[in-house]
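The structure under discussion appears below in the form of structure tokens.
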Amino acid sequence: MYVSVERVLDPTLRGAPTIVLSNNDGCAVARSDEAKALGIAMGQPWFEIRERPHLAAVVARSSNYEEYGAFSSRFHETVATLASSTEVYSVDEAFVGLPRRSSTGDQAETAAAIQDRVGRWTGLPTSAGVGPTKTLAKVAQRHAKSISAPMVDLTTWPHDQVGELLAATPVSEVWGIGSRLTQGLAGLGIHTAADLAYADAGVLRRRWSVVLERTARELAGVACTPVGFTPKDRQQLMYSRMLGQPVSSRDEMRSVLAQYAATAARRLRAHGLEAALMQVWISSSRFRDDVAHHSTSVALDPPTNDPMRVISASRAVLPKMREGHPYNRAGILLTGLGRAGAQPSLLVDPEDPTRQRLAAAVDAIADRHGREVIGWGPTGLRGSQRWDMRRERLSASRTTRWEQLLTVR
DNA sequence: TCTGGGGTCCTAGGACCC
DNA sequence: TCTGGGGTCCTAGGACCC
């Protein structure tokens with residue numbers, strides 16, 4: 001999906017082996033078919049790809065999450081215009097509940113209409129799978145992609161043909177089966193999706209969990225997770241980043257943490273949430289022999305989304321830091337989330353309302369004039385920092401920044 | 001020898017997803 | 001030199017309740 005967005009923004013990338021890099025331009029997180037054909041692996045470090053002569057033609061882009069987010073929103077909004085029940089599953093996937101038969105035509109027609117509209121309104125190519133359960137729909141969609149068909153509708157297939165597809169599908173490709181389960185299932189002689197569909201559900205549940213049992217039942221055609229199942233409220237909010245350059249002094253780390261805490265608090269406010277518990281951690285590269293990892297939990301009582309309180313809480317991990325050791329990652333995890341203002345404390349005075357208005361005003365100013373014109377305490381007026389993440393190959397933000405809007409003459 | 005029978009809430013850790 | 005950033009769900013176990 002990231003590569004598809006880059007190709008909408010820059011059509012000259014069509015047909016070229018294209019990859020999108022992770023934050024900090026670290027490794028490949030999205031690959032075009034042409035890039036996959038050249039043997040580039042998911043997660044392969046950019047410094048390795050860059051120096052291989054046979055990969056010289058590969059075009060790399062830094063992640064442009066603002067654009068991907070905007071395209072994702074348009075994608076989901078477009079799907080919703082043609083479907084009565086949809087479930088946003090991920091940035092680039094949606095489940096759509098289709099009536100068995102309707103006056104508007106059969107299921108495949110509806111799916112094709114959605115794909116057509118998504119293509120015309122967003123420019124994104126899609127593949128679709130239709131099945132009696134979510135897990136089977138995912139099997140169908142994978143199959144469509146693998147044979148370069150826009151769509152596969154399993155509900156029109158004869159029963160034994162579905163069985164053949166499942167028998168030809170490695171169990172590791174089934175939605176919900178990762179590497180650990182693949183290993184464990186192999187021990188029971190379960191190697192394909194068909195093996196799993198016919199396995200003893202009780203054994204699966206006792207040996208692993210109800211999650212695996214549901215996956216097996218869904219492969220057998222029994223829906224266990226209805227479309228549109230309303231997800232529970234968000235339970236955690238994380239903001240973590242690798243640093244563009246290692247940070248080894250407490251002084252500098254203090255401003256890193258303040259910046260991250262301010263961002264996390266800003267996202268809390270954007271969701272109308274407040275947090276009761278914060279975990280903050282710093283660590284050095286996991287590829288070092290003497291990796292250091294320190295973390296601390298801080299209770300936020302009463303729960304809050306006030307940037308000043310979150311920023312000062314973020315300092316709690318600093319005493320554990322080894323002065324002089326190169327740290328390259330920091331993160332803030334906020335949990336115990338609740339609707340802002342929903343849990344008035346009986347023991348502590350409510351927060352000063354002017355503090356909330358101040359946070360809202362700072363948000364509004366930053367939205368309108370940029371993050372560099374206003375900031376909190378140690379984050380200061382935000383010029384570029386030594387430790388900012390690297391994004392050296394960023395595409396233009398054609399749909400999220402006015403000043404980068406494409407000019408057509 | 002022997003020591004009830006339920007519950008809830010919280011946390012840590014493991015598995016998975018994109 | 002260089003290796004991402006989020007999330008979810010489930011289970012086990014401990015603390016605590018009546």
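The shown structure was predicted, so the numbers you read here are calculated from the model rather than taken from an experiment. Every chain is numbered from 1 and lettered A, B, ... according to where its sequence line falls, protein lines coming before strand lines.
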query: Which is true for A/D25 with a 4.0 Å heavy-atom rule: it touches a base, it touches only sugar-phosphate, or it touches nothing?
result: nothing
task: Indicate, with a heavy-atom threshold strictly under 4.0 Å, whether A/N24 touches base, sugar-phosphate, or nothing.
output: nothing
message: Categorize A/I177 for me: base, sugar-phosphate, or nothing, with a 4.0 angstrom heavy-atom threshold over every strand shown.
response: sugar-phosphate
query: Is there a donor-acceptor pair under 3.5 Å between the side chain of A/S73 and the backbone N or O of A/G69?
result: yes
- line: Of the candidates B/dC16, C/dG5, B/dC18, the side chain of A/S179 sits closest to B/dC16
Pair A/S62, A/D25: side-chain N/O donor-acceptor within cut-off below 3.5 Å: yes
For atom CD1 of A/I332 and atom C1' of C/dG6, their distance in whole Å: 15 Å
Donor-acceptor pair between A/T155 and A/Q107 side chains, under 3.5 angstrom: yes
query: Judged by atom type as modelled, is there a donor-acceptor pair below 3.5 Å linking the side chain of A/R217 to the main-chain atoms of A/A201?
result: no
field: N/O donor-acceptor pair under 3.5 Å between A/R391 side chain and A/N24 backbone
entry: no
- prompt: Listed in order of residue number, which residues of residues 242-257 of chain A have a non-hydrogen atom at under 4.0 Å from DNA chain C?
  reply: A/M242
field: Candidates B/dC16, C/dG4, C/dG6 - which lies nearest the side chain of A/V29
entry: C/dG4
Main-chain N/O of A/L318 paired with A/R250 side-chain donor or acceptor, under 3.5 Å: yes
- prompt: Quick one: salt bridge (charged side-chain N to carboxylate O under 4.0 Å, His left out) partners of A/R205, sequence neighbours excluded?
  reply: A/E213
message: Applying the side chain to side chain donor-acceptor pair (under 3.5 Å) criterion to A/S127, which one of A/R142, A/Q141, A/Q115, A/H143 satisfies it?
response: A/Q141
query: Does NZ or CZ of A/R50 fall inside the cone over A/F47's six-membered ring, less than 6.0 Å from its centre and within 45° of the axis?
result: no
- prompt: Going by distance alone, is a donor N or O of one side chain under 3.5 Å from an acceptor N or O of the other, for A/T135 and A/E218?
  reply: yes
task: Taking side chain to side chain donor-acceptor pair (under 3.5 Å) as the test, write out the residues that go with A/E93, two or more places apart.
output: A/S90, A/K138
message: Is it the case that the side chain of A/Y327 and the backbone of A/R322 share a donor-acceptor pair, with hydrogens and angles ignored and the cut-off at 3.5 Å?
response: yes
message: If you take any heavy atom closer than 4.0 Å to DNA chain C, which residues from residues 39-58 of chain A end up in contact?
response: A/P45, A/F47, A/R50
field: Contacts of type salt bridge (charged side-chain N to carboxylate O under 4.0 Å, His left out), residue A/R254, not counting sequence neighbours
entry: none
message: Categorize A/L212 for me: base, sugar-phosphate, or nothing, with a 4.0 angstrom heavy-atom threshold over every strand shown.
response: nothing
- request: Take the protein atom CG of A/L185 and the nucleotide atom P of B/dA15, then report the distance between them rounded to whole Å.
  value: 13 Å
query: Near DNA chain C, under 4.0 Å by heavy atom, which residues of residues 136-147 of chain A?
result: none
Sorted by number, the residues of residues 67-83 of chain A with heavy-atom contact under 4.0 Å to DNA chain C: none
- prompt: If you look at every strand shown and take non-hydrogen atoms under 4.0 Å, does A/V20 touch a base, only sugar-phosphate, or nothing?
  reply: nothing
message: Using the salt bridge (charged side-chain N to carboxylate O under 4.0 Å, His left out) criterion, which residues pair with A/D251? Sequence neighbours excluded.
response: none
- request: Assign each of A/S285 and A/R267 to its nearest nucleotide of DNA chain C by heavy atoms, then name whichever residue's nucleotide is nearer the 5' end.
  value: A/S285
field: Pairs flagged by ring-ring contact (aromatic ring centres under 6.0 Å, His included) wherever residues 186-213 of chain A is involved - sequence neighbours left out
entry: none
- prompt: Given Watson-Crick or G-U pairs with both distances under 3.5 Å, what dot-bracket string fits DNA chain C, with | for other-strand pairs and [ ] for crossing?
  reply: ....||||||||||||||
query: Taking atom types as modelled, is there a side-chain donor on A/E6 or A/Y68 under 3.5 Å from an acceptor on the other?
result: yes
- prompt: A/Y89: what forms a side chain to side chain donor-acceptor pair (under 3.5 Å) with it, not counting sequence neighbours?
  reply: A/W175
Could you go over nucleotides 10-13 of chain C and give all protein N or O partners under 3.5 Å, atom names and distances?
residue : atom : partner : partner atom : Å
C/dC10  : OP1  : A/R214  : NH2          : 2.5

